[in-house]
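Here is the structure we will look at.
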Number of protein chains: 2
Amino acid sequence: MVVRRLRSLSALSDPELELLRNLGDRRERHASGEELAAEGGLSGRPRFILSGWACRQRVLPDGRRQIFSFLLPGDGLGLSRRPALELSTTAALTALETVDAQPVLQAMQAGNAPGLGRALATLETLEQMLLFDHLVRLGRQTAYERVAHFLLELQRRLEIVGLGDDQRFPLPLTQEILADALGLSIVHVNRTLQQLRRERLIELRSGVAILLERERLANIADYRLPPPRSAPASPTPRRNGLEDSAQL
Amino acid sequence: MVVRRLRSLSALSDPELELLRNLGDRRERHASGEELAAEGGLSGRPRFILSGWACRQRVLPDGRRQIFSFLLPGDGLGLSRRPALELSTTAALTALETVDAQPVLQAMQAGNAPGLGRALATLETLEQMLLFDHLVRLGRQTAYERVAHFLLELQRRLEIVGLGDDQRFPLPLTQEILADALGLSIVHVNRTLQQLRRERLIELRSGVAILLERERLANIADYRLPPPRSAPASPTPRRNGLEDSAQL
DNA sequence: CGCTTCTTTGACGAGCCTCAAACTGAGTGG
DNA sequence: CCACTCAGTTTGAGGCTCGTCAAAGAAGCG
């Protein structure tokens, strides 16, 4: 999972791969709904996600909530060492399994992991790109476009780490969570999904999404995918990212 | 300007201050509307803004535009060395004056500018906080709240660098730019501003904004200011940040 | 089976957008 | 000094998108 994600960002040397594969101990499990860190920077507890979904969000005093980003298997939490402010909270959306990423950061600081350094730098850039995409969705797209764009983003991200294929992927989110991410009401998310289904663009049932017509969706949402960084991921036994125990 | 901004983030040693003050050469001027860098990372041309306003934005193929953030005097462009992707473009909103920030980055890499390192790290964190604030505005606030929140943010940021006081500040933006930042139509921005004026919460004329009732605005918009980092800025001869020649 | 959580549907209204046009102010040139 | 233009602001009318309220199904779970 993590190996796969980082390799998609930069070539890694054998010792670097070895380091990643040895991260296996120091695993941790978190229940759905658990708060992983009060701060945005998560300073001091850098981790990788092995399985499950989390999100970064802010809750307003009147109960409104805005989700900033989703964290999927292979993504990192708190990898950038920044002074922490109350930027956002990170919460597990499903049961979650993580590993300590500290050894990776140490190797980088010691200077003997240039590939990992590049990979993590690119990871940060990509995260920022996702934030920008999200701003465009919220600021300049209709509900219909937002949902389509968001589903395409998830499809792509999950395919990269080997969860799902080019049209099918796990989607363990309630419509309330979608609403809080996309800046819509639950009811309107529901109606929008129905419309996409009625038009045979997507299918959605029991935690699995299927993009029936990716091309048309991409046109609707003006979805442009990031330029590929390295060799495309090789086919892998399909997993849904929500198993009890996940690989690195 | 730059000195003031960075000092508000971290204590700086005398040599560090000296370094900043010697940045003066290698100034550059940019006309309003000019594109400063095609990429988000701006890699290779790190700069500080001495005077004028810029923004980071993305333009959709159908002409819609979303502004991600505003860059004010004292802010940096392309300071983080990230692999550049087509994340966003940076454009000057007014005539702009910048200086090369390369010497600062070099001193940091050489390891002999810990204060500057902290300052720039905090700067990045604050930038991300602004992005999150922006996401909340776009996703979960009404037009009325958005405008109020945004004006409060600008007031605070400009006060920190000594432009304007606790209720008055320069605002060289057209309503079209406001609309593209706040995810609204020009017409609706106009109506919202009128409402705020009618209710005697703000005044707006010829490039200057006045927040008549900051407290009430802050309540309306649920605006919470970031925790202060160091001593409050000392009073300074007021400037509007748009002069022909600006100080460091 | 009965609870809770999630999804779905309907009715209604408010917020915001679009279109269109008038108005203002700052140049620019005759 | 007066058209004239051009960018920006303001106003009105009308309509679509999306939110709110309410309640009825489904679906998971002990």
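All chains are named by letter (A, B, ...) in the order of the sequence lines, taking the proteins before the strands, and each is independently numbered beginning at 1.
Between Ser69(A) and His134(A), the side chains place no donor N or O within less than 3.5 Å of an acceptor N or O (distance only, hydrogens not considered).
Distance CD1 (Ile186(A)) to C1' (dC6(C)): 9 Å, rounded to an integer number of Å. In this structure, His188(B) atom NE2 and dC17(C) atom P are separated by 6 Å, rounded to whole Å. Between the P atom of dT11(D) and the CG atom of Leu193(B) lies a distance of 12 Å, rounded to the nearest Å. Nucleotide dG8(D) holds its C1' atom 8 Å from the CD atom of Gln175(B), rounded to whole Å. Rounded to an integer number of Å, the gap from Arg137(A) CZ to dT17(D) C1' is 19 Å. Residue Arg205(B) contributes atom CZ, which lies 14 Å from atom P of dA26(C) at whole-angstrom precision. As rounded to whole Å, 14 Å separates atom C1' of dG8(D) from atom CG of Leu171(B). Separating the CZ atom of Arg198(A) from the C1' atom of dT8(C) is a distance of 12 Å, rounded to the nearest angstrom.
Classified by interplanar angle (parallel below 30°, tilted 30° to 60°, perpendicular above 60°), the ring pair Phe150(A)/Phe70(A) is tilted.
Residue Asn190(A) places at least one side-chain N or O closer than 4.0 Å to OP1 or OP2 of dT8(C). Distances shorter than 4.0 Å separate none of the side-chain N or O atoms of Gln194(B) from OP1 or OP2 on dT9(D). One finds a side-chain N or O of Arg197(A) lying less than 4.0 angstrom from the OP1 or OP2 phosphate oxygen of dT8(C).
Looking at Ser32(A), its side chain does come within 3.5 Å of a backbone N or O of Leu93(A) through a donor-acceptor pair. With Arg140(A) contributing its side chain and Arg64(B) its backbone, the two residues share no donor-acceptor pair below 3.5 Å.
Not a single donor-acceptor pair, N or O on each side, falls under 3.5 Å between the base of dG15(C) and the side chain of Arg191(B).
Among dT11(D), dT20(D), dG19(D), the nucleotide with an atom closest to any side-chain atom of Leu184(A) is dG19(D). The side chain of Ala143(A) sits closest to dC18(D) out of dC18(D), dC17(C), dC6(C).
Comparing Tyr144(A) and Val187(A) against DNA chain D, the residue whose closest nucleotide sits nearer the 5' end is Tyr144(A).
At the heavy-atom level, Ser185(A) lies under 4.0 Å from base atoms of the strands shown. When heavy atoms are screened at a 4.0 angstrom cut-off, Ser206(A) is found touching no nucleic acid atom at all. Using a 4.0 Å heavy-atom cutoff across all strands shown, Gly183(B) reaches sugar-phosphate atoms only and no base atom.
Few gaps surround CZ on Arg197(A); more than 12 heavy atoms of other groups in view lie less than 6.0 Å from it.
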